[in-house]
Amino acid sequence: MVSWIISRLVVLIFGTLYPAYYSYKAVKSKDIKEYVKWMMYWIIFALFTTAETFTDIFLCWFPFYYELKIAFVAWLLSPYTKGSSLLYRKFVHPTLSSKEKEIDDCLVQAKDRSYDALVHFGKRGLNVAATAAVMAASKGQGALSERLRSFSMQDLTTIRGDGTPAPSGPPPPGPGRASSKHGQPKMSRSASESASSSGTA
C-alpha cells in the first residue's frame with residue numbers, strides 16, 4: 001500500500017506536473033526542438049498510462065512492481081537516457097505511420113456512429129420529455145378543475161367578501177314575477193275570510 005502511494009505521487013509530480021511545466025515553457029519560447037521533445041514524451045506517457053491501467057490489475061503482485069514504474073518514469077524523463085525520444089523513434093512512430101490510414105478510418109467510423117447514436121438518443125429523450133410534459137399538463141388541468149368543483153356557494157361568497165352565506169336553494173322570486181300572482185289570491189282570500197267573520201259577529 002505504501003509503495004502504491006509513493007509510486008502514484010512520483011508519477012503525478014515527476015511524470016505529469018514537471019513535464020507539463022516544461023511543455024508550457026517550450027510553447028512560450030516557441031523553441032521547436034523542445035516542443036518536439038515534449039510532444040514525444042506526452043505520446044509515450046499517454047501509452048504508459050493506458051498500459052498502467054491494466055498492469056496495475058494483473059501485475060501488482062509482482063515484486064518491485066511499483067519501484068519499476070518509478071524507474072521507468074525517471075528513464076523517460078532523463079536528459080541522459082532520453083527514454084521517451086528513444087521509444088518514440090524506434091517503436092511508436094514506425095507503428096503509427098504504418099497503421100495511420102486504418103486508425104483514421106476507424107476514428108471516422110466511430111465519430112459517425114457516435115453522432116448517429118447521439119441523434120437517436122436525443123430524439124428519444126425529446127419524445128420522452130414531451131410525453132411527460134403533456135401528462136403533467138393534463139394531470140394539472142384535472143387537478144385544477146377538481147379544485148374549482150370543490151368550492152361551494154358558501155366558499156364563493158366568503159371569498160367575495162359578503163360575509164353572509166348564500167342560500168343553497170334557488171333564488172327567491174322577485175316582485176313582478178309569476179310567483180307573486182300566486183301569492184296575491186292567498187292574501188285576498190285571507191282578507192275576505194276575516195271580513196266575513198267580522199260581519200257574522
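Quick caveat: nothing in here was measured; it's all calculated off a predicted structure.
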(request) Using the salt bridge (Lys or Arg N to Asp or Glu O under 4.0 Å) rule, collect all pairs that involve residues 125-138, keeping only residues at least two apart or in two chains. (result) none
(message) For residues 15-24, which residue pairs pass the salt bridge (Lys or Arg N to Asp or Glu O under 4.0 Å) check, not counting sequence neighbours?
(response) none
(request) Please collect all salt bridge (Lys or Arg N to Asp or Glu O under 4.0 Å) contacts where either partner lies in residues 61-86, sequence neighbours excluded, each pair once. (result) E52-K69, D56-K69
(request) Using side chain to side chain contact (heavy atoms under 4.5 Å, CB included) as the criterion, list what pairs up with I103, not counting sequence neighbours. (result) L96, K99, L107
(message) Running the 4.5 Å side-chain criterion over Ile, Leu, Val, Met, Phe, Trp and Tyr, what cluster does M39 land in, apart from itself?
(response) V27, Y35
(request) Taking side chain to side chain contact (heavy atoms under 4.5 Å, CB included) as the test, write out the residues that go with L12, two or more places apart. (result) none
(request) Just jot down the ring-ring contact (aromatic ring centres under 6.0 Å, His included) partners of Y65, sequence neighbours excluded, or say none. (result) none
(request) List in chain and number order the residues that pass ring-ring contact (aromatic ring centres under 6.0 Å, His included) with F14, two or more places apart in sequence or in another chain; answer none if no residue qualifies. (result) none
(message) List the residues meeting side chain to side chain donor-acceptor pair (under 3.5 Å) with Y66, not counting sequence neighbours, and say none if there are none.
(response) none
Can you list, pair by pair, the side-chain donor-acceptor contacts under 3.5 Å of residues 42-49, counting residues two or more places apart and other chains?
| from | atom 1 | to | atom 2 | distance (Å) |
| --- | --- | --- | --- | --- |
| W42 | NE1 | S23 | OG | 2.8 |
| T49 | OG1 | F45 | O | 2.5 |
| T49 | OG1 | A46 | O | 3.3 |

(request) Please list, chain by chain and in numerical order, all residues satisfying side chain to side chain contact (heavy atoms under 4.5 Å, CB included) with L86, sequence neighbours excluded. (result) W75, K90
(message) With heavy-atom distances below 4.5 Å as the criterion, would you say the side chains of R89 and M40 are in contact?
(response) yes
(message) Once side chain to side chain contact (heavy atoms under 4.5 Å, CB included) is applied, do any residues pair with Y21, and if so which ones, sequence neighbours excluded?
(response) Y24, K25
(message) On a heavy-atom basis, which atom in G15 and which in P19 lie closest, and how many Å separate them?
(response) O-CG, 3.4 Å
